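Inspection log for the structure reproduced underneath, given as C-alpha cells.
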Amino acid sequence: MKDITKMSDDFDRWYTDVVRKAELADWSGVRGMMVVRPYGWAMWEAITRAFDDMIKESGHENWAFPLLIPRSYLMKEAEHVEGFAPEVAWVTRAGGDMEELEEPLAVRPTSETIIGALIKRYIQSHRDLPKLTNQWNSVVRWEMRSRLFLRSREFWWQEGHTFHASGQEAMEEAQLILGYYRSIAEDWLAVPVLSGKKTPAETFPGAVYTLTVEGLMRDGLALQMGTSHYFGQNFARAYDISFSNKANERELCYSTSWGISTRLVGAIVMAHGDDSGLLVPPKVAPVQVVVVPIFRDDASRIKVEGFIDGWGRELKAAGIRHRVDWRDERPGDKYAHWELKGVPLRLNVGARDVDAGQVELVDRLSRERRAVPVAGIAARLQAELAAFQTKLFERAQKYQRDNTFELSTLDEVIAHFRERSGFVWAPWCDDAECEARIKTETGGVTIRTIDSDEKASGKCLVCGKPAEHRVALAKAY
RNA sequence: CGGGGAGUAGCGCAGCUCGGUAGCGCACCUGACUGGGGGUCAGGUGGUCGCGGGUUCAAAUCCCGCCUCCCCGACCA
C-alpha cells in the first residue's frame with residue numbers, strides 16, 4: 001500500500017505504481033490487454049457523461065456498429081488500410097472445429113470502413129444529412145509495446161463519424177468537436193492543451209487533415225488527448241456514400257471522424273499526480289470528498305456517526321460525491337490511502353469537532369488543515385471543490401508555461417531536448433524532409449501541432465528557407 | 001518485432017549453481033490493547049513453484065517448447 005516510486009527517481013515506474021496502487025487498472029495476463037478497475041472506470045464514466053451530453057446537445061446520436069469487419073470492407077480506402085494494416089488483429093477461424101473462415105474478419109481498430117459501408121443505406125437525399133453518428137466501444141490495435149491506459153492492445157473510446165452535404169459543413173464539424181475536446185481536457189480534466197492541425201506525416205490514414213489537442217505531462221512529454229479528422233470525400237468515394245442534392249444531382253458526402261479514449265485517465269495521472277499519488281480534478285473525481293471519522297470507543301463512534309449523518313444528507317442533496325471511511329483502520333492509514341487515490345477534499349471528524357460543531361477540512365493540493373463550521377457545509381464544499389478544480393488547472397497552466405519555449409534553429413532544439421523536455425515553438429517550412437530530420441536528429445522529437453493562430457515568421461529551423469508555419473515540437477507518448 | 005532480464009502465497013523476495021518434507025517480510029484472518037498522519041502483542045489462514053512436455057526412484061531446482069511481465073530499440077489513440 002505504501003511505497004510508490006518517487007516521480008523524480010523514475011517517472012515510468014511512478015506512473016505504473018500509481019495506476020496500480022490507486023486501483024485504476026491492471027494487466028490481465030493476456031498481453032497488452034488491461035482490466036480497468038472501478039475507480040479508474042468511474043473517471044472514464046465521468047468523461048463519457050460529459051462528452052455524451054455535449055454531442056447530444058449538438059444533435060449527434062449514438063449507434064452500435066459491428067465489432068468484426070470483413071476484410072473486403074477494410075481494404076477499400078488505400079491509405080487507411082496501409083496505415084492500419086500493421087496493427088489489425090484478425091479472426092480467421094471460428095466454431096467448435098475452429099474452421100477456417102471464407103473471409104477473414106478484422107477486429108475493429110477503428111470503424112470508418114464498416115460505418116462507411118453501412119451508413120450509405122441510410123443516406124439517400126440531402127434531407128438525410130447531416131448524419132451525425134457516434135459509438136462508445138472498445139477497439140483493438142496490435143501494439144508491440146504497451147503501457148496501462150496510454151497504449152494497450154484494447155482500449156475504450158468514443159468514435160464519432162459524421163456525414164455532410166458540404167465540405168465546409170464537415171470542416172466546421174471537425175472544428176466543433178475539437179472545441180469539445182479542448183473543453184474536456186481543460187474544463188473537466190484541468191489539463192491545458194495546445195490545439196491545431198497535425199502535419200501530413202502525423203495525419204490519420206485516409207484523412208485530408210487531422211486536428212489535435214495536446215497536453216503536457218509532468219515528465220515534460222506531450223500526450224495526444226483527442227483527434228478530430230476531416231476526410232473530405234475520401235471515404236465517401238471508397239464506400240460510395242452519396243446523396244441527391246437539391247438539384248437532383250448525385251454527390252459524394254463529406255465526412256469526419258473523431259475520438260477520445262481511456263488514455264485520458266492516464267493523462268489525469270500524469271498531468272496532476274505527485275509523490276503521494278493521484279490528484280483527481282473534482283469534476284471527474286469518483287469521490288470528491290472523503291470523511292474520516294476519528295473515535296476511540298463505541299460511545300465516541302456513535303457520537304461521531306450521528307454528527308456525520310446530520311450533515312451527510314446535505315452533501316448528498318447537493319450532489320457532492322462523498323464517502324465516509326468506516327473501515328477499521330487507523331486514521332493515518334486512511335489519510336494516506338485517500339491521498340494516493342487523489343480525492344480532492346478530506347474531512348477529519350472527531351469528538352472534539354462534534355463538540356465544536358465543525359469539521360477539519362484538508363485539501364489534496366495544499367494539505368493544510370482548516371476548521372470549517374458544519375452550518376452551510378454543503379455550499380462551502382461546493383465552493384471548495386470549484387476552487388480546487390481552478391487551482392489544479394492554474395497549476396497545470398503554470399507548468400505548461402514554464403515548460404514552453406521558443407527556438408529558431410535545429411541546433412538549439414537538439415541542445416534543448418538533450419537537457420530537458422516540454423513544448424518548443426519553432427518556425428517550419430512545411431517540408432516533410434525537414435520534419436523527418438527533426439525527428440532523427442533529436443532522437444524522437446516530433447511536430448505535435450501547427451499553430452492555428454499565429455502566422456509564421458522567420459526561417460525554417462532546419463533548412464533556413466522562409467517558414468510557412470509555427471509548430472510545436474515535443475517528445476510525445 | 002529485434003536485444004537483455006524475470007516469473008515461487010495478494011505484493012516484494014530467498015531457495016535453483018550442487019535434484020530429496022517450500023521459506024521470509026508485508027498484506028490477510030482472529031483476539032487484546034490502541035486510535036487527531038502510515039500502531040503494538042499473541043495466535044492463525046493461504047502456494048497445481050507461469051503452462052506443457054522430457055530426464056530421474058525423486059524436479060521449484062536439469063533439458064526442450066510455449067505464455068506472460070519488465071527494461072532498451074524500430075512502429076503507434
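No hydrogens, no waters, no symmetry mates; every other heavy atom, side chains included, goes into these values. First the proteins, then the strands, lettered A, B, ... as listed; each starts at 1. What you see is a predicted model, and the numbers here were worked out from it, not measured in a lab.
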Requested in this report: Could you tell me whether the phosphate oxygens of B/G39, OP1 or OP2, come under 4.0 Å of any side-chain nitrogen or oxygen in A/Arg330?
Outcome: yes
Query - Atom-to-atom span, NZ of A/Lys439 to C1' of B/A74 - whole angstrom - result: 9 Å
Query raised in the report: Between B/G36 atom P and A/Gln358 atom CD, what is the distance in whole Å?
Result: 17 Å
Query raised in the report: Restricting to pairs with a member in residues 191-223 of chain A, which pass ring pair (Phe, Tyr, Trp, His ring centres under 6.0 Å), not counting sequence neighbours?
Result: A/His80-A/Phe204, A/Phe84-A/Phe204, A/Phe204-A/His229, A/Phe204-A/Phe231, A/Tyr209-A/Tyr230
Query - Where at least one partner belongs to residues 175-194 of chain A, residue pairs that pass ring pair (Phe, Tyr, Trp, His ring centres under 6.0 Å), sequence neighbours excluded - result: A/Phe51-A/Tyr181
Under the side chain to side chain contact (heavy atoms under 4.5 Å, CB included) test, which residues partner [X], sequence neighbours left out?
X: A/Gln358; result: A/Asp353, A/Ala356, A/Ala371
X: A/Met33; result: A/Ser28, A/Val30, A/Trp142, A/Arg153, A/Glu154
X: A/Asp9; result: A/Thr5, A/Lys6

Query raised in the report: What nucleic acid atoms does A/Thr210 come within less than 4.0 Å of, heavy atoms only: base, sugar-phosphate, or nothing?
Result: nothing
Query raised in the report: Across the strands shown, which category fits A/Pro86 at heavy-atom distances under 4.0 angstrom: base, sugar-phosphate, nothing?
Result: nothing
Report, one line per pair, each donor and acceptor closer than 3.5 Å where one atom sits in a side chain of residues 259-280 of chain A; sequence neighbours left out.
residue: A/Ser261; atom: OG; partner: A/Arg263; partner atom: N; Å: 3.1
residue: A/Thr262; atom: OG1; partner: A/Trp156; partner atom: N; Å: 3.3
residue: A/Thr262; atom: OG1; partner: A/Trp156; partner atom: O; Å: 3.3
residue: A/Arg263; atom: NE; partner: A/Leu150; partner atom: O; Å: 3.3
residue: A/Arg263; atom: NH1; partner: A/Gln224; partner atom: O; Å: 3.2
residue: A/Arg263; atom: NH2; partner: A/Leu150; partner atom: O; Å: 3.2
residue: A/His272; atom: NE2; partner: A/Leu189; partner atom: O; Å: 2.7
residue: A/His272; atom: NE2; partner: A/Ala190; partner atom: O; Å: 3.4
residue: A/Asp274; atom: OD1; partner: A/Ser276; partner atom: N; Å: 2.8
residue: A/Asp274; atom: OD1; partner: A/Gly277; partner atom: N; Å: 3.2
residue: A/Asp274; atom: OD1; partner: A/Arg364; partner atom: NH2; Å: 2.8
residue: A/Asp274; atom: OD2; partner: A/Arg364; partner atom: NH1; Å: 2.9
residue: A/Asp275; atom: OD1; partner: A/Met7; partner atom: N; Å: 2.7
residue: A/Ser276; atom: OG; partner: A/Arg367; partner atom: NH2; Å: 2.5

Report summary line: Expected string for nucleotides 65-73 of chain B under the B/S/- scheme (protein heavy atoms, under 4.0 Å, primed atoms plus P, OP1, OP2 as sugar-phosphate) is ---SSS-BB
Report summary line: Ordered by number, residues from residues 267-306 of chain A within less than 4.0 Å of RNA chain B (heavy atoms) are A/Ile294, A/Phe295, A/Arg296
Query raised in the report: Does the side chain of A/Asn137 come under 3.5 Å of the side chain of A/Glu159 through a donor N or O and an acceptor N or O?
Result: yes
Query - Partner set under salt bridge (charged side-chain N to carboxylate O under 4.0 Å, His left out) for A/Arg301, not counting sequence neighbours - result: A/Glu305
